[in-house]
Colleague: 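Quick one: the structure is below, questions incoming.
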There are 2 protein chains.
Amino acid sequence: MPHHYTYPRAALTVDCVVFGLDAGALKVLLIQRGIDPFKGRWALPGGFVRVDETLDEAAARELEEETGVKDVFLEQLYTFSAIDRDPRERVISVAYYALVNLADHETRAATDASDAQWFPAEKLPRLAFDHVEILATALKRLRGKLRYEPIGFELLPPKFTLTQLQHLYETVLGTKIDKRNFRKKVLGFDLLEALNETHREGPHRPAQLYRFNPAKYERLKKKGFLFEL
Amino acid sequence: MPHHYTYPRAALTVDCVVFGLDAGALKVLLIQRGIDPFKGRWALPGGFVRVDETLDEAAARELEEETGVKDVFLEQLYTFSAIDRDPRERVISVAYYALVNLADHETRAATDASDAQWFPAEKLPRLAFDHVEILATALKRLRGKLRYEPIGFELLPPKFTLTQLQHLYETVLGTKIDKRNFRKKVLGFDLLEALNETHREGPHRPAQLYRFNPAKYERLKKKGFLFEL
DNA sequence: TTTACTTCGTGTAACAAGCACACGAAGTAT
DNA sequence: ATACTTCGTGTGCTTGTTACACGAAGTAAA
């Protein structure tokens, strides 16, 4: 059942840059393409937008279909429209980026992705289409956003230690942060709740566990509060 | 000459939020729709994306066609995709925002816009489609960006006084700023060049004119410099 | 049970940045 | 000459940022 229009129309896709934190390294989830074009090449998970769904829905759907990842922080990034970014025909792609807690998300191959795998953000394979550019944009956005919005928690398990949080910031921003100053600042925002639990990791003193409280953040935001690291 | 595709495709448009500064008030350029839907209603300038142009090109083209505004700061904002945002059919719109120096840009009506006019950003008429939402997003972005990137100059003539610049920040951010502190900070960035000219405005001491130097900004940015007001 | 090992958790002093604040200078108009 | 208006400048106080070191708490092995 073909559909016809008076003027030619570009095809619309979504692509997702999925960030995860693993052993202190920032990783990106890629799928190996099972079909042409770029068969065998690694690519961002994504696919065509259906005419009866929003872009947010399309991004979430494709992400789950191709990698099994769902219920994660997912936000629109930028729309890419270079004329020849797809060799088949005119395709415009709305890019999204996601932050996931790696421990929760065992990856899974499905549908037209023959394989899904995590790669270090700094050592990527050759990518299909203009996906390097999309990735670079996503990284820039992640680094920018991390500094002035408390979204880093999305990359950690619900309960985490301050040392884990600090390592997250150091890894993503590529800086070295002083332990005492970091803790003073972060706790000063009053967004974290100390739990009655500790986390043992190796033969040494266990660390206090904390939890992020989004409600507190919303309340503070309304009062013109600024998170800034 | 109809075009047909295996699956239905959404139509793609661009919409531009054009900001200008006039007599100390932030204004937005709107056009009055000459055709249905929403005939007679005010709307953002914009239109359908052609299949052989990028989104940036489409935004610049539509902006010039409908309002005569060209060669201005124009940046992609966000892509809007609510299912029923257009009553005719599925239309996805990529929004852009532009900053223009009002003095330079006499508006002009053209093609399918029966009229173009500046409105105060705080007192808008009823708008077509989901354009209120787009506008709100643009305002938020403008305010956010102004604080940490030197883009405000785009709203002023090439040569401006520090008082004008200060009023710009006060107007857009809705704050009151101390004169001496503002000047100290802004000049401290070393992004402005004092000219050998002054600006007379009324029967009193004339003010020193300055010019923004984008090259200096680029150089500083590479050294990890942060603009922040 | 003592010792070795490792991370956890904490305070202070020097320094830099932000903020509040007032007045003489330089023009024009009468 | 005087009145009027905006221009352009400096200082002290308060606040936030940075640099920095050591005892506490736990495990493992001798």
Side-chain angles (χ1 to χ4, degrees), chain A residues 21 23-24 146-148 150 156-157 159-171 173-212 220 223-229, chain B residues 21 23-24 146-148 150 156-157 159-171 173-212 220 223-229:
Chain A
L21 202 66
L146 204 55
R147 289 192 60 258
Y148 63 90
L156 296 176
K159 304 170 180 183
F160 51 86
T161 69
L162 291 183
T163 301
Q164 286 177 301
L165 186 64
Q166 180 178 344
H167 286 157
L168 187 170
Y169 274 85
E170 291 179 334
T171 300
L173 300 179
T175 57
K176 206 145 185 55
I177 306 176
D178 178 81
K179 191 178 175 182
R180 282 180 283 193
N181 294 335
F182 179 80
R183 295 161 99 90
K184 208 190 316 171
K185 200 166 193 175
V186 168
L187 293 177
F189 289 131
D190 192 33
L191 295 173
L192 300 187
E193 289 171 349
L195 303 172
N196 295 330
E197 290 176 76
T198 55
H199 175 73
R200 202 173 3 261
E201 164 106 19
H204 52 74
R205 179 175 177 180
Q208 174 70 242
L209 280 171
Y210 290 84
R211 175 171 58 190
F212 173 57
L220 286 172
K223 295 180 191 165
F225 158 86
L226 262 188
F227 179 87
E228 193 170 336
L229 247 151
Chain B
L21 202 66
L146 205 56
R147 290 192 60 255
Y148 63 92
L156 295 176
K159 303 169 180 181
F160 52 86
T161 69
L162 291 183
T163 301
Q164 286 178 299
L165 186 63
Q166 181 180 343
H167 285 157
L168 187 168
Y169 275 85
E170 291 180 333
T171 300
L173 300 181
T175 58
K176 203 142 186 60
I177 306 176
D178 177 79
K179 190 177 174 182
R180 282 179 284 192
N181 295 335
F182 180 81
R183 297 161 98 91
K184 209 191 312 172
K185 200 166 193 175
V186 169
L187 293 177
F189 290 130
D190 192 34
L191 294 173
L192 300 186
E193 289 171 348
L195 303 172
N196 297 330
E197 288 175 77
T198 56
H199 175 73
R200 201 173 3 261
E201 164 107 20
H204 50 74
R205 179 173 177 182
Q208 174 69 242
L209 281 171
Y210 290 83
R211 174 171 58 189
F212 173 58
L220 286 172
K223 294 179 190 163
F225 158 87
L226 263 190
F227 178 87
E228 194 169 336
L229 246 149

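Letters go in sequence order (proteins before strands), and every chain restarts at 1.
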Colleague: CD of B/Glu197: more than 12 outside heavy atoms within 6.0 angstrom?
Modeller: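 Yes, because the 6.0 Å sphere around CD of B/Glu197 holds more than 12 heavy atoms from other groups.
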Colleague: Rounding to an integer number of Å, can you tell me how far B/Arg205 CZ sits from D/dC7 C1'?
Modeller: 4 Å
Colleague: Can you tell me how far CZ of A/Arg183 sits from OH of A/Tyr210, rounded to the nearest 0.5 angstrom?
Modeller: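 One gets 6.5 Å once the value is rounded to the nearest 0.5 Å.
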Colleague: Does any N or O donor sit under 3.5 Å from an N or O acceptor when you compare the side chain of B/Lys179 with the base of D/dG8?
Modeller: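 Donor-acceptor pair under 3.5 Å: yes.
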Colleague: Under 4.0 Å between any heavy atoms, over every strand shown, what does A/Thr163 touch: base, sugar-phosphate, or nothing? Just pick one.
Modeller: sugar-phosphate
Colleague: Starting at the 5' end of DNA chain D and moving along, which residue's nearest nucleotide shows up first, A/Gly202 or A/Lys184?
Modeller: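 Comparing both residues, the 5'-ward one is A/Lys184.
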Colleague: Could you check B/Arg200 against A/Arg183 and say which one's nearest nucleotide on DNA chain C is further toward the 5' end?
Modeller: A/Arg183
Colleague: Nearest whole Å is fine: how far is D/dT11 C1' from B/Asp178 CG?
Modeller: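 Nearest whole value for this atom pair: 13 Å.
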Colleague: Whole Å only: how far is the CD atom of B/Glu201 from the C1' atom of D/dC4?
Modeller: 16 Å
Colleague: For DNA chain D, please output the secondary structure as dot-bracket, reading 5' to 3'. Pairs are Watson-Crick or G-U wobble, both atom distances under 3.5 Å; mark crossing pairs with [ ], other-strand partners with |, unpaired with a dot.
Modeller: ||||||||||||||||||||||||||||||
Colleague: Want to settle it: does A/Asn181 or A/Pro206 sit nearer the 5' end of DNA chain C, counting the closest nucleotide to each?
Modeller: A/Pro206
Colleague: Mind checking the CG-CG spacing from B/Leu173 to B/Leu229? Nearest 0.5 Å is all I need.
Modeller: 8.0 Å
Colleague: Once you measure the plane-to-plane angle for B/Phe189 and B/Phe225, does it fall in the parallel (<30°), tilted (30-60°) or perpendicular (>60°) bin?
Modeller: perpendicular
